[in-house]
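FYI, side chains are in, hydrogens and waters are out, and symmetry mates aren't considered; it's all heavy atoms of this structure. Sequential numbering from 1 along the given sequence is applied to the chain's residues.
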Amino acid sequence: MTNQTIASVLIHVSDVTAALQWYQRAFPQAKAQRLEEFDFDYLKIGSIDLEIVPADEKVASGAAGSVVYWQVEDFDQAVAHLVSIGGTLYRGPLNIQDGLRMCQIRDPWSNCIGLRG
């Protein structure tokens, strides 16, 4: 396997429509995209597809493993923004290398969003 960039992040939820709306507010820079042939809506953040998909018996929503961390310019502002739209501080903030901080915010479906800045 050669080094590649991340293509997409899948977020499993019980209500795809509500989650698409919430994540559009969480990431205002995201561009709404639609694949008509698959009847599939998703968000594009830079080169990464943020795909909101139904949770099921194989992959439930919630904190259970890997967490994607987003680099933010203003850490405190990013935390405040996510909390103001219904996110919940889950872990941290923690001080890490080079004067940076990190934390995890839970979305309304209990998935974790990592922030570093």
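Between Met102 atom CE and Leu115 atom CG the span is 9.5 Å, to the nearest 0.5 Å. Between Glu51 atom CD and Asp41 atom CG the span is 11.5 Å, to the nearest 0.5 Å. To the nearest 0.5 angstrom, Leu43 atom CG is 10.5 Å from Gln21 atom CD. Taken from CZ in Phe27 to CD1 in Ile45, the straight-line distance is 5.0 Å, to the nearest 0.5 Å. With values rounded to the nearest 0.5 angstrom, His81 atom NE2 is found 12.0 Å from Asp74 atom CG. Atom OH of Tyr90 and atom CG of Asp107 lie 12.0 Å apart (nearest 0.5 Å).
At distances below 3.5 Å, at least one donor-acceptor pair connects side-chain atoms of Asn111 with backbone N or O atoms of Gly62. Of the possible polar contacts, one joining the Asp56 side chain to the Lys58 backbone as a donor-acceptor pair under 3.5 Å is found. Looking only at distances, a side-chain donor or acceptor of Gln24 sits under 3.5 Å from a matching main-chain atom of Ala30.
Ile11 and Val16 fall within the same hydrophobic cluster, defined by Ile, Leu, Val, Met, Phe, Trp and Tyr side-chain heavy atoms under 4.5 Å apart, directly or through other members. When hydrophobic clusters are built by joining Ile, Leu, Val, Met, Phe, Trp and Tyr residues whose side-chain heavy atoms come closer than 4.5 Å, directly or via intermediates, Leu82 is grouped together with Leu89. In the hydrophobic cluster analysis, where Ile, Leu, Val, Met, Phe, Trp and Tyr join through side-chain heavy atoms closer than 4.5 angstrom, Leu50 is grouped apart from Leu10. If you chain together hydrophobic residues whose side chains sit under 4.5 Å apart, Val83 and Trp70 fall into the same group. At a threshold of 4.5 Å between side-chain heavy atoms, the hydrophobic network of Ile, Leu, Val, Met, Phe, Trp and Tyr places Ile52 and Phe38 in two separate groups.
Taking every heavy atom of both residues into account, Ala63 and Arg106 meet most closely at CB-NH2, 3.4 Å. Residues Ala55 and Ser61 come closest through the heavy atom pair CB-N, 3.7 Å. Scanning all heavy atoms of the two residues, the minimum distance from Gly114 to Val67 falls at N-CG1, 3.6 Å.
Taking the six-membered ring for Trp and thresholds of 30 and 60 degrees, Trp22 and Trp109 have ring planes more than 60 degrees apart, a perpendicular arrangement.
Around the CD atom of Glu73, the shell of radius 6.0 Å holds no more than 12 heavy atoms that belong to other residues, nucleotides or ligands. Within a 6.0 Å sphere centred on CD of Gln33, other residues, nucleotides and ligands contribute more than 12 heavy atoms. Around the CZ atom of Arg25, the shell of radius 6.0 Å holds more than 12 heavy atoms that belong to other residues, nucleotides or ligands. Within a 6.0 Å sphere centred on CD1 of Ile6, other residues, nucleotides and ligands contribute 12 heavy atoms or fewer.
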Just do the side-chain contact (heavy atoms from CB on, under 4.5 Å) check on Val53 and Phe40 with the steps written out, would you?
CA-CA 9 Å; Val53 298; Phe40 184 70; 4.1 Å; yes

Could you walk me through whether Arg116 and Ile96 pass the side-chain contact (heavy atoms from CB on, under 4.5 Å) check?
CA-CA 9 Å; Arg116 290 176 61 125; Ile96 57 174; 3.6 Å; yes

Quick one: do Arg34 and Asp39 satisfy side-chain contact (heavy atoms from CB on, under 4.5 Å)? Show the steps, please.
CA-CA 7 Å; Arg34 178 157 181 79; Asp39 189 30; 2.4 Å; yes

Taking it one step at a time, do Arg101 and Asp76 satisfy side-chain contact (heavy atoms from CB on, under 4.5 Å)?
CA-CA 9 Å; Arg101 294 189 300 159; Asp76 292 327; 2.2 Å; yes

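Residues Val79 and Pro93 are not in side-chain contact: their nearest non-hydrogen atoms beyond the backbone lie 4.5 Å or more apart.
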